[in-house]
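See structure below.
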Amino acid sequence: MQFTSMILSNFQISPGYWRMRLTAPREFGHAEPGQFIMLRTSSGIDPLLRRPFGIFDAGLHSPPQTGAASHPFFEILYKVVGKGTSLLSSLHENDLLDVLGPLGKGFDMGIPGEEKLIVGGGVGLAPLYLLARELVKHSPVRLFAGGRSRDDILCITEFERLGVECYVATEDGSLGECGVVTEALLKRLDSRNRQKSAIFACGPHGMLDAVSKIASERSIPCQVSLEGYMACGVGACLGCVTPGKNRTAENPDFRCVCAEGPVFDSRELGWGNI
Amino acid sequence: MRPDMGIEIAGMKLRNPVIAASGTFGYGAEFAPYLDLEKIGAFATKGLSLKPRGGNPLPRIVETPGGMLNAIGLQNVGIDSFIADKAPFLRTVDTPAIANFFGNTVEEYAEMAERLDNVAEIAALEVNISCPNVKEGGILFGTDPAQAAAVVRACRRMTGKPLIVKLSPNVTDIVRMASACADAGADALSLINTLTGMAIDLKLRRPALANITGGLSGPAIKPVALRMVWQVARSVKLPVIGMGGIMSGTDALEFMLAGAAAVQVGTASFINPGALQKIAEEMEKWLSENNVESVRSMTGALQ
Ligand SMILES: Cc1cc2nc3c(=O)[nH]c(=O)nc-3n(C[C@H](O)[C@H](O)[C@H](O)COP(=O)(O)OP(=O)(O)OC[C@H]3O[C@@H](n4cnc5c(N)ncnc54)[C@H](O)[C@@H]3O)c2cc1C
Ligand SMILES: Cc1cc2nc3c(=O)[nH]c(=O)nc-3n(C[C@H](O)[C@H](O)[C@H](O)COP(=O)(O)O)c2cc1C
Ligand code: FES
């Protein structure tokens, strides 16, 4: 679906990280956790291509003024890294944006009741909040959030408010444990008592690679949300692909991140070839 | 008064001159949620080869000012899977589908043409000659007039369907290439394919694309494309399908003035998946506002 959205709010939540709330059509309510949107950061030709962002939250927005009707919204959480994202950070309430979405295939919710372990690195937390909101309805949920420093740990109170148990690790030790987030994840996995778990992860490639190894060594189901250089977002340009598990010199097994993903079962991917 | 938007090209009747460019429109179905496929003139499917192809390593695309570079490497499902999995959808849409294809040798091109000739869902063939001739040691079919003519002759023998030849702009003399393809039996020429370019990541001191070079498309190439369409249309007697950076109805009409009988739209579909339909509507609106009765009268009407 393609639609024009009005910005409801846009503010910095941590140095370099922003959170934007936008209006959405009614149908957007069906967005699955893990799906993404693509938006134009300029109506001109620079930047030319749309920029992809995970759906951080979606729901009904109740305006602060009493009496005003509530209407559907969605939110994105974004890090300013270049021209497009810095243009986004300069936008204000009531500005309009051209949005495409929800796009792609989201997370599979797994078996109700089983422990759900969510792993997020930096802005990789973005698509995991909507996921956590769904998962807590049926399962105990633990979040493992990692980043370079405390500034990269986003929206933890939000997750806590859902009843999610949060573990934080920073590389410089400025918040939570000092180290990488996978160490905290390992500790939890090894203290389990025959309990069945499922892992959901989004973040930098190195982190996803490590998490998927940890999961496969313990035969724990693991879904990862990937990024790719996207032009179209609808499976047409083949710019965003990632190698699948069957990739060899003879078999060109490429999976399309925008259409077949961005969420994949980690066993389906050709990690060594990425 | 509503202007007449219909055109005829290489024996095909199209409801309007706006055609989706190969490699930017998947196999058609991908865009069905975003536009009415029966409101566009035709669409060209992703370049096909005999065997499926995996394409190039990543990254394959990078944005540049007003455009993008791609080095997809002609990833495609291969002709068998195209016929089994993609062609059935084409039957459900009342809009001509054009099969874009390529080969590594003249013989492969001919075999592709023969096989596609038998696919009822395909209205026309578009030969992409921007590939290296593997047998002749990598000489580009698209830059050597004799090689291009050999490909076109071989394909012509295999098909009675309209045969469009897609020209590469990466040549010194586009008219020589166009004439060679015309003499070899093409029914129409489409141009331009992407312009070879490069982008560098200064911080990493590396090329931005894994393939080092890629093809430039989008608004940045429009002036080059217009010039080449104008040169070819005035010197070769075949209908020309113009493309390169078309983003709006007025862009498309400029190509028609330069001599194009129809246009293709590529990169614009990435920015706006409904672009083709919108462009056709904008053309109609402009014609009606300017009291032009038929879109056909715009072709070559440059004063
Ligand atoms: C499915 C998906 C979901 C995403 N979700 C989020 C999200 O929720 N929040 C968020 O902040 N970001 C997200 N991203 C990344 C975001 O799209 C890019 O950071 C953004 O496009 C950069 O735009 P820019 O114009 O600011 O930067 P540019 O000027 O385009 O680039 C700045 C730098 O970032 C690099 N870069 C740009 N795009 C990508 C990319 N897709 N992958 C890797 N490197 C890239 C460039 O090489 C360059 O070095 C997501 C990406 C994908 C594919
Ligand atoms: C991602 C991408 C893939 C393409 N793949 C093909 C292809 O398979 N065969 C082909 O003949 N042209 C291919 N092209 C070229 C386009 O069809 C078109 O000639 C070119 O992009 C210029 O038009 P535009 O500026 O409107 O995009 C591709 C272009 C892009 C951007
Ligand atoms: S972004 Fe174009 S195919 Fe995925």
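Chain identifiers are assigned alphabetically (A, B, ...) following the order of the sequence lines, protein sequences preceding nucleic acid strands; residue numbering begins at 1 within each chain. Everything quoted here is computed from the prediction, not taken from an experiment.
For the residue pair A:L100 and B:P273, the shortest heavy atom distance occurs at CD1-CG, 3.6 Å. Shown here for B:G26 and A:A236, the closest heavy-atom pair between the two residues is N-CB, 3.7 Å. Taking every heavy atom of both residues into account, B:I61 and A:C237 meet most closely at CD1-SG, 4.5 Å. Of all non-hydrogen atoms in A:C232 and B:F270, the two that sit nearest each other are CB-CD2, 3.4 Å.
Annotation: maximal heavy-atom pairing with chain B below 4.5 Å, among A:P47, A:G233, A:G228, A:P243, occurs at A:P47. Note: B:P219 leads B:A220, B:P219, B:G274, B:P33 in heavy-atom pairs under 4.5 Å with chain A.
For B:L202, the CG atom counts as loosely surrounded, since its 6.0 Å shell holds 12 or fewer non-hydrogen atoms of other residues, nucleotides or ligands.
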Inter-chain donor/acceptor N,O pairs below 3.5 Å: chain B to chain A:
unit_1: B:R60; atom_1: NH1; unit_2: A:L238; atom_2: O; d: 2.8
unit_1: B:E63; atom_1: OE1; unit_2: A:R51; atom_2: NH2; d: 2.9
unit_1: B:E63; atom_1: OE2; unit_2: A:L48; atom_2: N; d: 3.1
unit_1: B:E63; atom_1: OE2; unit_2: A:L49; atom_2: N; d: 2.6
unit_1: B:E63; atom_1: OE2; unit_2: A:R51; atom_2: NH1; d: 3.2
unit_1: B:I271; atom_1: O; unit_2: A:R50; atom_2: NE; d: 2.6
unit_1: B:I271; atom_1: O; unit_2: A:R50; atom_2: NH2; d: 2.9
unit_1: B:N272; atom_1: OD1; unit_2: A:Q2; atom_2: NE2; d: 3.3

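Only the side chain of B:L58 comes within less than 4.5 Å of a heavy atom in chain A; its backbone stays farther off. Residue contact with chain B, scored on non-hydrogen atoms closer than 4.5 Å, involves the backbone of A:M1 exclusively.
For residues 204-229 of chain B, the set of pairs meeting the ring pair (Phe, Tyr, Trp, His ring centres under 6.0 Å) definition, not counting sequence neighbours, is empty.
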